[in-house]
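Note sheet for the following structure.
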Amino acid sequence: QVQLVEFGGGLVQAGGSLRLSCTAAFGRAFSPYVMGWFRQAPGKERELVAAIRWSGGTTYYADSVKGRFTISTDNVKSTVYVQMNSLRPEDTAVYYCAAGEDYSGTYDLRDVMYDYWGQGTQVTVSS
């Protein structure tokens with residue numbers, strides 16, 4: 001079991017920055033967790049925007065956020081972050097932190113089953 005709590009959403013002007021945080025409580029400390037940030041805008045499907053293997057190394061970014069978003073982890077704080085720069089109105093969405101256990105070692109973090117979810121945090125980018 002994993003519990004996730006997100007922080008850091010809000011309203012920002014286009015071109016601005018926000019950092020989202022997600023603090024994780026892991027039921028099994030040594031499982032091969034993968035952490036992801038998803039977003040869902042009204043009327044659109046949920047999409048994975050960034051992901052990272054908790055042990056380090058492998059990351060994934062959606063094309064729409066490459067070069068603008070950076071995902072990272074702090075193992076001491078059990079927290080995963082996504083730094084979002086050069087925000088655009090189309091980045092407006094509810095952002096969710098998610099976690100999954102991956103034993104395959106896949107390099108494509110889109111293939112991971114994300115079984116645990118945070119409550120979501122609203123990010124609104126005004127033009």
Does CD belonging to Gln40 count more than 12 external heavy atoms closer than 6.0 Å?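 Enclosed.
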
Over all atoms of both residues, closest heavy-atom pair of Val2 and Ala99: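 Nearest heavy atoms, Val2 then Ala99: CG1-CB, 4.3 Å.
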
Which atom pair, heavy atoms only, marks the closest approach of Val76 to Asp74?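 Shortest heavy-atom contact: N-OD1, 3.0 Å.
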
4.5 Å side-chain heavy-atom contact, [X] and [Y]:
X     : Y      : value
Met84 : Leu20  : yes
Phe7  : Thr121 : no
Leu18 : Val123 : yes

Quick one: do [X] and [Y] end up in the same hydrophobic cluster if we chain Ile, Leu, Val, Met, Phe, Trp and Tyr together by side-chain heavy atoms under 4.5 Å apart?
X     : Y      : value
Tyr96 : Val125 : no
Tyr33 : Leu109 : no
Val65 : Val112 : no
Leu48 : Ile71  : no

Would you please name every residue forming a side chain to side chain contact (heavy atoms under 4.5 Å, CB included) with [X], sequence neighbours left out?
X      : value
Gln122 : Thr92, Val94, Thr124
Gln119 : Val5, Glu6
Pro32  : Tyr103
Thr79  : Ser21, Thr23, Lys77, Tyr81

With [X], which residues qualify under salt bridge (charged side-chain N to carboxylate O under 4.0 Å, His left out), at least two apart?
X     : result
Arg88 : none
Arg46 : none
Glu47 : Arg39

Supply the atom-to-atom distance Thr59 OG1 to Met35 CE, rounded to the nearest 0.5 angstrom.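 Going from the OG1 atom of Thr59 to the CE atom of Met35 covers 14.5 Å.
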
If I take atom CG from residue Asp102 and atom OG from residue Ser31, how far apart are they, to the nearest 0.5 angstrom?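 Here the interatomic distance stands at 11.0 Å.
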
Sequence neighbours excluded, every pair satisfying ring-ring contact (aromatic ring centres under 6.0 Å, His included) that has a member inside residues 37-62: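 Listed once each, the pairs are Phe26-Trp54, Phe38-Tyr114, Phe38-Trp117.
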
Restricting to side chain to side chain donor-acceptor pair (under 3.5 Å), what partner residues turn up for Ser127, sequence neighbours left out?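 So Ser127 forms no side chain to side chain donor-acceptor pair (under 3.5 Å) with any residue.
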
Please list, chain by chain and in numerical order, all residues satisfying side chain to side chain donor-acceptor pair (under 3.5 Å) with Asn85, sequence neighbours excluded.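 Only Ser17, Gln83 meet the side chain to side chain donor-acceptor pair (under 3.5 Å) criterion with Asn85.
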
Distance-only polar pair, side chains of Thr106 and Asp108, donor-acceptor under 3.5 Å: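 Short answer, no.
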
Residue pairs, two or more places apart or on separate chains, that pass disulfide bond (SG atoms under 2.5 Å apart) and touch residues 20-54: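 Matches after skipping sequence neighbours: Cys22-Cys97.
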
Is there any disulfide bond (SG atoms under 2.5 Å apart) pair reaching into residues 48-77, and which pairs are they, with sequence neighbours excluded?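 Those involving residues 48-77 do not exist here.
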
Look only at the side chain of Arg53 and the backbone of Val34, and say whether a donor-acceptor pair between them is shorter than 3.5 Å.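 Not a single qualifying donor-acceptor pair exists.
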
